[in-house]
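Take a look at the structure set out below.
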Amino acid sequence: QTTPAQTTLTVITHDSFDVDKKLIAAFETQNRAKVRFIKGGDAGELLNRLILTRRAPIADVVYGLDNSLLPRARQAGILQPYRSPALSRVPAAYRLGDDGLLNTVDYGFVALNYDRAWFEKNGVALPKSLDDLKTPAYAKLTVVQSPATSSPGLAFLLATVNHYGETGAWSWWRAARQGGMKVTRGWSDAYYKDFTRNGGRYPIVLSYASSPAAEVFYADGFTPAKLPAQAPTANLFLPGSTYTQLEGVGILKGTKQAALARKFVDFMLSAPVQADIPTRMWIYPAVKGTPMNPVFTFAQEPQPTTVKAEVAANPQRLVDAWVTQVLRAR
Amino acid sequence: MTDLPPALSLSGIRKSFGGVAAVRGVSLDVAAGETVALLGPSGCGKSTVLRVVAGLERPDAGSVAVAGRDVTGLPPEARGVGLVFQDYALFPHLSVLGNVAYGPRVRGARRAVAEARAREALALVDLPGLEARRVAGLSGGQAQRVALARALATGAGLLLLDEPMSNLDERLRAELRAGLRSLFARVGAGVLLVTHDQREARALAGRVAVMRAGELVQVGATEEVFARPATAWVAAFLGEVNLLPDGPGWVRFVPEEALRPGVGEWWSVTARQPVEGGVQVTVAHAWGPLSLTLSAREAAALDGDRLRLSVEESGVRRLPEDRA
Amino acid sequence: MTDLPPALSLSGIRKSFGGVAAVRGVSLDVAAGETVALLGPSGCGKSTVLRVVAGLERPDAGSVAVAGRDVTGLPPEARGVGLVFQDYALFPHLSVLGNVAYGPRVRGARRAVAEARAREALALVDLPGLEARRVAGLSGGQAQRVALARALATGAGLLLLDEPMSNLDERLRAELRAGLRSLFARVGAGVLLVTHDQREARALAGRVAVMRAGELVQVGATEEVFARPATAWVAAFLGEVNLLPDGPGWVRFVPEEALRPGVGEWWSVTARQPVEGGVQVTVAHAWGPLSLTLSAREAAALDGDRLRLSVEESGVRRLPEDRA
Amino acid sequence: MTSTKLQGWLLALPGLIFVALCLVLPLARTLREGGVTLDVWRDPYFQGRLAWTLTQAGVTAGVAALIGVPLAFLLSRFEARGKALFLRLLLLPFVTPTLVAVLGLSALLGPQGWVTRLTGVDLSDTPALLVLGNLFFNVPVLVRLSYAGFARVPGNVVGAARSLGAPWWRAALGVALPLALPGVLAGVVLVFLYSALSFGLPLALGGERFATLEVEIYTLTALQLRLSEASALIVGQLGFTLLATWAYVALSRGGVGVPSGDLPRARGGARAALLGLGSVVAIVCFAPLVAVMLRGVLGTSGFTLAYWQGVLADEATPLLVWNTLRFGLMALAGATLLGGLYALGAWRAGSRALDLVSLLPLMISPVSLAVGYLLAYPVLAATLPMLIAAYTLLAWPLVVRSLLPALRAIPPRLFEAARSLGATRGAAFRSVTVPLAFPALRGGGALALATVLGEFGATLVLTRPEWATLSTGLYERLGRPGERNLGEACALATTLLILATLAFTLLDGGEGEVT
Ligand SMILES: Nc1ncnc2c1ncn2[C@@H]1O[C@H](COP(=O)(O)OP(=O)(O)OP(=O)(O)O)[C@@H](O)[C@H]1O
Ligand SMILES: Nc1ncnc2c1ncn2[C@@H]1O[C@H](COP(=O)(O)OP(=O)(O)OP(=O)(O)O)[C@@H](O)[C@H]1O
Ligand SMILES: Cc1ncc(C[n+]2csc(CCO)c2C)c(N)n1
Ligand SMILES: [Mg+2]
Ligand SMILES: [Mg+2]
């Protein structure tokens with residue numbers, strides 16, 4: 001028997017990963033192991049780093065890859081299958097494929113948000129469709145993130161391609177950009193600089209369906225006992241504008257800690273972690289029946305849309321196409 | 001000449017650096033075409049006066065007028081004075097020619113004209129063939145001459161020369177003195193010359209101002225000052241040694257001209273020292289020790305350790321004793 | 001004394017800077033306790049010789065021995081020489097005291113000892129009360145004295161002084177000369193003194209070496225050299241003016257001692273100039289113009305523009321004409 | 001090679017090895033992984049990016065020089081109240097994480113910014129805002145390095161020019177500037193390099209429209225993994241930055257001198273110019289910071305301490321502070337040690353090639369290096385040595401750029417004087433060279449520390465949650481929606497600025513020359 005303290009499990013995550021340290025400590029004592037977390041950047045960067053180091057893996061477990069990245073991860077062969085028994089408590093629609101490369105931990109909806117106050121004050125009607133949104137009247141009110149540099153941006157691209165088909169999507173994007181839609185690099189830039197609520201020029205921002213709930217939760221003087229009547233921002237669920245992100249945890253090929261890695265996968269799907277997820281990362285726990293903070297009443301869930309296979313199959317190709325068809329088109 | 005305003009007119013200049021009162025009320029005129037030598041011991045404030053005149057130091061009090069125009073508030077470049085810095089302050093990034101041509105250049109002369117003037121000035125200070133050299137490799141005396149040439153090339157109506165030949169050998173100095181004298185006469189510039197070389201002062205200056213601890217203590221025609229120092233301190237500073245106590249607060253000043261070797265009583269010689277062109281002897285006179293320099297010819301009057309010496313009383317003067 | 005090795009022994013020193021041959025084969029000894037003055041016109045290579053001796057410049061050829069030990073390959077600090085730089089090179093980050101105590105400190109003296117030595121040296125150069133001052137605000141003469149004190153405080157057995165008093169007034173110089181003379185005598189140091197001041201050379205140096213364009217042209221006892229310059233160039237450099245052509249390649253050198261004013265034929269006086277302690281006159285002699293300085297007493301021999309003057313032929317010397 | 005030269009190269013060796021290991025090798029790995037297909041450069045899109053990159057960096061460097069050089073000159077000639085404090089506070093923009101700067105700028109100049117509302121001029125989404133942002137970060141470097149250069153110009157030399165008839169501007173341009181050139185050009189070239197290679201700022205301030213080459217490299221490398229195209233861009237970028245740096249190295253010959261003590265008080269025109277330029281720089285460099293600090297205490301309903309309470313109550317905050325300090329000091333130690341030795345080496349070796357090498361870290365795209373690290377040193381990924389090495393790499397050029405001109409400016413006579421007074425090489429070095437160069441080392445150290453206290457290393461290496469610093473803590477909050485996150489981020493930014501000010505005060509020794 002090796003001394004317990006010698007076992008270290010390395011878990012690489014995206015930068016937004018955050019779980020109660022006490023839960024991690026409990027896992028460590030329970031398994032007589034040390035968990036070492038590495039922040040691998042934004043989800044997209046994370047995947048690329050894993051691909052670059054696949055010959056000498058830098059971690060045992062990865063958390064944070066999502067359904068838009070899974071095809072590339074699969075193709076690169078960086079993951080090894082393991083289906084957690086806990087997956088049985090995850091609704092089938094939220095599972096990430098059958099090959100067990102990624103076990104869904106949580107899901108979220110990339111969606112447009114708008115600034116209620118701005119629309120009320122300026123007496124502007126909300127757009128009804130993506131077609132409305134691309135007109136200059138609304139495009140110049142909209143800020144989204146670049147599909148090439150941000151995961152909500154990529155999700156939004158997939159949503160538009162799913163809705164319009166490829167050629168339709170490219171002309172939508174070109175029109176919207178022509179009309180004044182701003183494309184930023186990352187979510188923070190868009191939300192904290194360009195969104196009218198934070199001093200910017202654009203009252204419509206690409207974010208998450210849960211963002212209005214977070215706005216309530218993080219408002220000045222928030223107390224759980226006294227919830228406000230409405231959130232300062234709201235979702236703008238235009239048909240074809242939302243996309244479901246499924247984030248999962250998986251085991252990296254080449255790990256020497258396979259058993260422990262499996263335990264960690266199970267751990268991420270365990271009830272305490274699942275319950276901790278919503279108000280830390282502002283996403284929905286994958287396991288059915290996990291109790292939710294009441295503030296989530298401000299986060300509506302959009303109508304589910306079916307994603308066409310050709311959209312889901314190779315998101316990277318679509319990004320490349322977007323870059324040449326939209327970004328670099330003059 | 002007399003209706004021209006003075007090239008320089010200083011009145012009531014004071015300047016302190018922190019606790020050090022470098023200049024304590026200096027008033028002085030330099031007429032156009034006149035050279036005034038500013039003499040004084042090390043640290044008495046001579047350079048500071050020059051820097052105040054040039055506008056590099058703001059006086060705490062007093063005013064500076066150049067050619068009749070009050071320049072106290074004007075920047076250095078508006079004063080039209082040429083200054084030779086005691087430490088040269090050459091431009092290290094320019095060649096010798098570039099340094100000397102700088103003044104004419106910034107005053108608007110075309111390159112060719114400026115360089116011609118620079119070459120003239122360099123010729124005057126006897127520095128041929130060094131035009132293209134960087135100043136970093138110059139010898140001390142070469143650098144000093146570049147500094148002098150640089151100030152001369154400006155053609156300024158008022159020249160401030162701060163020990164401009166201190167690092168030159170005597171022959172070169174003598175040559176330069178002659179050159180400068182004729183140059184000053186030709187251009188009619190006023191010159192304020194700081195020097196520790198009395199020969200230089202005598203050769204160049206019509207008047208002398210003696211400075212002590214920030215104040216002028218005697219100003220007058222050169223030969224007048226040398227011949228008739230006003231106080232014991234001035235006499236001593238000018239190199240007079242025969243200052244013998246004569247009652248409290250007074251000294252008896254015995255100038256060399258008043259000494260007649262070879263006549264009168266015998267006195268014993270207590271010291272002798274060969275000097276340029278003769279021998280300096282000290283005689284134990286009744287008044288006290290008297291020193292005099294005997295020319296080679298007069299040295300014949302020495303008889304072993306004795307010398308006949310008489311003092312011409314009419315030449316002896318009583319001076320107030322003001323040495324600390 | 002004679003069995004001591006020379007404090008300095010230079011042989012065959014050469015040094016060029018790029019195209020400039022600054023020193024072209026200099027050999028010279030300075031005995032312990034002896035002061036040798038190095039004279040020569042500006043740019044002739046004096047400072048370069050000193051820098052070679054101090055080990056700051058590698059000679060292209062030749063060797064340097066200090067106190068009998070060949071130091072040609074040794075670094076400056078192993079040579080035991082004290083150098084006063086012509087441009088002072090004071091340490092701007094140290095106070096006056098810090099500058100002067102630096103030498104003793106780096107040679108291992110304790111702070112108190114070093115500072116005591118520094119204070120002594122500062123007293124010698126007459127700089128009291130400035131110990132705590134930063135060197136940046138010093139006057140030219142003050143800075144020069146700090147540089148001198150700094151070199152003296154090292155107690156080195158060989159002192160290299162590069163125009164150490166060029167920025168001091170004459171009285172202070174005279175005082176310093178006396179102080180230095182007795183210091184040198186006391187410590188028995190060898191001194192190589194670069195100076196342009198012949199009085200300084202005479203007062204301090206037992207021997208004089210005259211340098212011209214990188215070479216020594218005459219070395220000898222001080223009075224010997226002054227009295228009997230070897231060539232017309234040396235005579236002229238030492239300030240002799242009565243060098244009259246005497247056939248191709250020769251001059252007739254008429255020293256002042258050979259001139260007898262007041263006797264002989266009448267000659268017309270073509271120029272007169274008041275100088276320290278008398279008047280300098282030029283007489284249109286049959287041989288050519290002769291200059292002489294008349295003391296105040298001798299000036300009585302002047303009769304308007306005429307002067308009786310005879311030349312004592314035995315004092316006149318023929319010198320080779322070697323001026324360019 | 002003379003022994004001095006050899007010794008110089010030996011002293012520079014640790015730095016060279018460090019650059020080889022932490023820069024050349026990883027970069028080579030990246031380029032090899034992708035191969036270089038220079039075809040990309042045929043694409044007018046990339047040519048456009050290149051042109052834009054050069055334009056905005058050039059304009060920034062030009063404007064910065066126009067404001068900063070005269071200010072530095074005046075500061076070096078005159079005494080002014082609060083000068084040392086001003087120069088010290090000028091380091092703060094350098095500490096500021098990009099997004100914080102952007103927030104500060106937007107609070108003033110955004111569509112609803114305070115200044116925008118006052119003046120009605122909306123600069124947001126215009127290149128002017130980008131240039132302002134670049135200036136915010138980089139004018140300080142320029143002012144400080146130029147100041148150090150000008151401070152070494154002997155007062156008498158400028159005085160000589162004036163008394164020879166040169167008006168002040170002519171004396172400044174014709175005499176002071178050439179003698180201060182090493183410092184001034186170091187400032188200009190750093191501004192150019194930082195602005196040319198920045199990518200957070202153009203993106204955040206202008207979106208994709210103002211994307212620089214570096215943005216494309218980032219996108220191609222980190223997100224699209226199209227390494228061959230990225231490599232071509234990296235090579236191109238290296239080409240033009242090398243060109244700029246080479247020009248700098250070729251031009252930067254200056255004078256000798258040591259900073260002198262007492263300066264006259266400014267009066268008249270000089271005073272007005274000093275105040276005017278000082279205010280412009282203060283506004284450009286401090287106003288955004290003040291805005292951020294204000295946002296840390298202003299909620300929707302006016303003044304509030306809630307954000308500060310939130311930050312202080314957060315049990316992670318002490319860790320953030322501790323890590324920030326710890327990494328800052330470790331990298332500072334690394335940078336001053338490596339940079340100090342390297343500067344000495346480059347000085348003694350008299351080699352301009354070494355100058356060029358010392359700027360390499362600022363010429364290389366950090367993302368491409370990051371990839372190189374993963375490929376070359378996978379085992380070291382997310383280890384502390386790697387992190388510190390990365391921080392050190394970014395910080396040491398600043399130490400070298402401060403120290404080297406100072407060393408070169410020390411009059412050789414002083415060292416000679418020390419030797420002739422009996423000091424060995426070592427003793428002369430300790431007692432003359434070190435004290436005279438020390439202020440510059442301190443100044444360089446302060447700049448280096450500022451670099452590290454910001455966010456930069458994080459883009460180079462993988463980090464760990466337990467390594468969270470004030471800037472990562474702040475970014476984490478800005479990754480979540482909600483007012484309180486913004487407020488707390490601003491409070492953390494304020495903490496970072498206060499911490500930095502304290503550190504700089506200690507580093508500067510409280511008084512004396514600031515360079
Ligand atoms: N570093 C150098 N580079 C080039 N030339 C030099 C250098 N140092 C000295 N020289 C030249 O060598 C010659 C001798 O210079 P040095 O300083 O020895 O003269 P010096 O006799 O001391 O003159 P001065 O009495 O003017 O100080 C001069 O022509 C000078 O210009
Ligand atoms: N910048 C300064 N800071 C402090 N003191 C100064 C400064 N400049 C001059 N002094 C002091 O003022 C006094 C006068 O200095 P100044 O340079 O005018 O003397 P000086 O008569 O030129 O002497 P020297 O003949 O030695 O050059 C000196 O005691 C000097 O130390
Ligand atoms: C335009 C611009 N953006 C950001 C910085 C901030 N900054 C300071 S150091 C550094 C990188 C370290 O090598 C960065 C990015 C800057 N100076 N200029
Ligand atoms: Mg002076
Ligand atoms: Mg010399």
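Sequence lines set the chain letters: A, B, ... in the order given, protein chains first and strands last, and positions in each chain run from 1.
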Query raised in the report: Among A:Gly44, A:Gly200, A:Ala56, A:Ser146, who wins on heavy-atom pairs under 4.5 Å with chain D?
Result: A:Gly200
Report task. Answer yes or no: is there a side-chain heavy-atom contact under 4.5 Å between A:Asp15 and D:Glu476? Result -> no
Query - Nearest heavy-atom neighbours spanning D:Leu462 and A:Gly40 - result: CD2-CA, 4.0 Å
Report summary line: In terms of heavy-atom contacts, D:Gln112 and A:Thr196 come closest through NE2-O, 3.0 Å
Requested in this report: Find the distance between CG (D:Leu225) and CD (A:Glu45) and round it off to the nearest 0.5 Å.
Outcome: 11.5 Å
Query raised in the report: What is the distance from atom OG of D:Ser106 to atom CG of A:Asp194, rounded to the nearest 0.5 Å?
Result: 7.5 Å
Query raised in the report: Where do D:Pro481 and A:Ala214 come nearest, in terms of heavy atoms and distance?
Result: CG-CB, 3.7 Å
**Report entry** Closest contact, heavy atoms only, D:Leu375 versus A:Leu52
**Finding:** CD2-O, 3.6 Å
Query raised in the report: For D:Glu466, does the CD atom have more than 12 heavy-atom neighbours from other residues, nucleotides or ligands under 6.0 Å away?
Result: yes
**Report entry** Part of D:Leu227 lying under 4.5 Å from any heavy atom of chain A
**Finding:** side chain
Query - Among the listed options D:Gly310, D:Ser124, D:Gly299, the residue most often paired with chain A at heavy-atom distances under 4.5 Å - result: D:Ser124
Query raised in the report: When rounded to the nearest 0.5 angstrom, what is the spacing between CG in D:Leu380 and CD1 in A:Ile58?
Result: 11.5 Å
Query raised in the report: Is there side-chain contact between D:Leu205 and A:Lys193, with heavy atoms separated by less than 4.5 Å?
Result: yes
Query raised in the report: Under a 4.5 Å heavy-atom cut-off, does chain A meet the side chain of D:Leu486, its backbone, both or neither?
Result: both
Query raised in the report: A:Arg185 and D:Thr219: side chain to side chain contact (heavy atoms under 4.5 Å, CB included), yes or no, with the steps?
Result: CA-CA 10 Å; A:Arg185 183 174 85 91; D:Thr219 312; over 6 Å; no
Query raised in the report: Hey, does the Lys NZ or Arg CZ of D:Arg480 hover above the aromatic six-ring of A:Phe217, less than 6.0 Å from the centre and inside 45° of the axis?
Result: no
Report task. Give the C-alpha distance, both sets of side-chain angles, the deciding distance and a yes or no for side chain to side chain contact (heavy atoms under 4.5 Å, CB included) between A:Lys39 and D:Arg464. Result -> CA-CA 6 Å; A:Lys39 299 223 156 180; D:Arg464 311 248 300 263; over 6 Å; no
Query raised in the report: At a heavy-atom separation under 4.5 Å, does A:Val323 approach chain D through its side chain, its backbone, both, or neither?
Result: side chain
**Report entry** Contact class of A:Ile51 relative to chain D, heavy atoms under 4.5 angstrom
**Finding:** side chain
Requested in this report: Report yes if the side chains of A:Tyr192 and D:Leu99 come closer than 4.5 Å at any heavy-atom pair, otherwise no.
Outcome: no
Query - Derivation of the side chain to side chain contact (heavy atoms under 4.5 Å, CB included) call for D:Val371 and A:Arg49 - result: CA-CA 8 Å; D:Val371 167; A:Arg49 287 181 161 150; over 6 Å; no
Query - Between A:Leu154, A:Thr10, A:Ile38, the one whose heavy-atom pairs under 4.5 Å with chain D are most numerous - result: A:Ile38
Query - Side chain, backbone, both or neither of A:Phe37 within contact of chain D (heavy atoms, under 4.5 Å) - result: both
Report task. Kindly check if the number of other-residue, nucleotide or ligand heavy atoms within 6.0 Å of CZ (D:Arg32) is above 12? Result -> no
Query raised in the report: CD of D:Gln47: more than 12 outside heavy atoms within 6.0 angstrom?
Result: yes
Query raised in the report: chain A: which of D:Pro465, D:Pro378, D:Ala382, D:Ala381 shares the most heavy-atom pairs with it under 4.5 Å?
Result: D:Pro465
Query raised in the report: Is it the backbone or the side chain of A:Lys182 that comes under 4.5 Å from a heavy atom of chain D, or both, or neither?
Result: side chain
**Report entry** Segment of D:Arg477 engaging chain A (4.5 angstrom heavy-atom cut-off)
**Finding:** backbone
Requested in this report: Side chain from CB out, backbone as N, CA, C, O: work out which of these in A:Arg54 comes under 4.5 Å of a heavy atom of chain D, or both, or neither.
Outcome: neither
Report task. Output the option from A:Val319, A:Asn198, A:Thr233, A:Leu47 having the highest count of non-hydrogen pairs under 4.5 Å with chain D. Result -> A:Asn198
Requested in this report: Sort out for me which of A:Pro232, A:Ser211, A:Ala59 touches chain D most, counting heavy-atom pairs under 4.5 Å.
Outcome: A:Ser211
Query raised in the report: Measuring heavy-atom distances to chain A, does D:Leu374 have an atom under 4.5 Å in its side chain, in its backbone, in both, or in neither?
Result: both
Query raised in the report: Side chain, backbone, both or neither: which part of D:Glu33 has a non-hydrogen atom closer than 4.5 Å to chain A?
Result: side chain
Query - Portion of D:Ala222 that has a non-hydrogen atom of chain A nearer than 4.5 angstrom - result: both
Requested in this report: Tell me, out of D:Asp122, D:Thr304, D:Val379, D:Val215, who's got the most heavy-atom pairs with chain A below 4.5 Å.
Outcome: D:Asp122
Query - Sub-4.5 Å side-chain heavy-atom contact between D:Tyr45 and A:Thr324 - result: no
**Report entry** Option in A:Asp42, A:Val183, A:Asp18 with maximal non-hydrogen atom pairs under 4.5 Å from chain D
**Finding:** A:Val183
**Report entry** Part of A:Asp220 lying under 4.5 Å from any heavy atom of chain D
**Finding:** both
Report summary line: Heavy atoms of A:Tyr218 and D:Asn485 approach each other most closely as CD1-ND2, 3.2 Å
Report task. Any chance you could lay out the side chain to side chain contact (heavy atoms under 4.5 Å, CB included) test for A:Asp320 and D:Arg226, step after step, and finish with the verdict? Result -> CA-CA 10 Å; A:Asp320 292 349; D:Arg226 282 152 70 166; 3.0 Å; yes
Report task. Provide the closest heavy-atom pair for A:Arg72 versus D:Leu223 in the form atom of the first, atom of the second, distance. Result -> NH1-O, 4.0 Å
Requested in this report: Name the region of D:Glu315, side chain, backbone, both or neither, that has any atom closer than 4.5 Å to a heavy atom of chain A.
Outcome: neither
Report summary line: Under 4.5 Å to a heavy atom of chain A? For D:Ala370 that would be side chain
Query raised in the report: So what's closer than 4.5 Å to chain D heavy atoms on A:Thr184: side chain, backbone, both or neither?
Result: backbone
Query - Short side-chain to backbone donor-acceptor contact, D:Arg484 and A:Glu215, under 3.5 Å - result: no
Query raised in the report: Is it the backbone or the side chain of A:Asn113 that comes under 4.5 Å from a heavy atom of chain D, or both, or neither?
Result: neither
Query - Under 4.5 Å from a heavy atom of chain D, the part of A:Gln316 involved - result: side chain
